[in-house]
Undergrad: 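The structure that follows is given in the form of structure tokens.
Note that the structure is a prediction, hence the values are computed from the model and not measured.
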Amino acid sequence: MNPEQTNLRQRQHAEQEQSSAQFQETNQAQVKEFATVDDLLRHDSERNPVPHEVADRLGRSLENEPKPDQPWYKRLFG
């Protein structure tokens, strides 16, 4: 084998290991664990707002829903 090829391969291998290590470090810094599903959903909703079109359609849809009856204790005690 040619010594230049061996040096080139060693350098490429070292560069690949270095870039792999950097990639793993950045991935570990981005990983976030959640205790519950609710925590995950809160985290997601803070970073991804609902589009205006969807919020408007949901609001119009909820306006058409019948209002729930008053609970028995409010009917009884006013």
Undergrad: Checking one residue: V50. Which other hydrophobic residues are in its cluster under the side-chain 4.5 Å linking rule?
TA: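 Members alongside V50: V54.
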Undergrad: Determine whether a donor-acceptor pair (N or O, by modelled atom type, separation under 3.5 Å) exists between the side chain of N48 and the backbone of D44.
TA: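 Checked: pair present.
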Undergrad: Atom NZ in K32, atom CG in L40: separation rounded to 0.5 Å?
TA: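 If we round to the nearest 0.5 Å, K32:NZ and L40:CG are 10.5 Å apart.
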Undergrad: D38 versus R42: any side-chain heavy-atom pair under 4.5 Å?
TA: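 Touching, per the 4.5 Å side-chain cut-off.
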Undergrad: May I ask you to decide if R57's main-chain N or O and S61's side chain share a donor-acceptor pair within less than 3.5 Å?
TA: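 No; zero donor-acceptor contacts below 3.5 Å.
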Undergrad: About how many Å separate CG of L58 and CD of E63, when rounded to the nearest 0.5 Å?
TA: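 Between atom CD of E63 and atom CG of L58 there are 10.0 Å.
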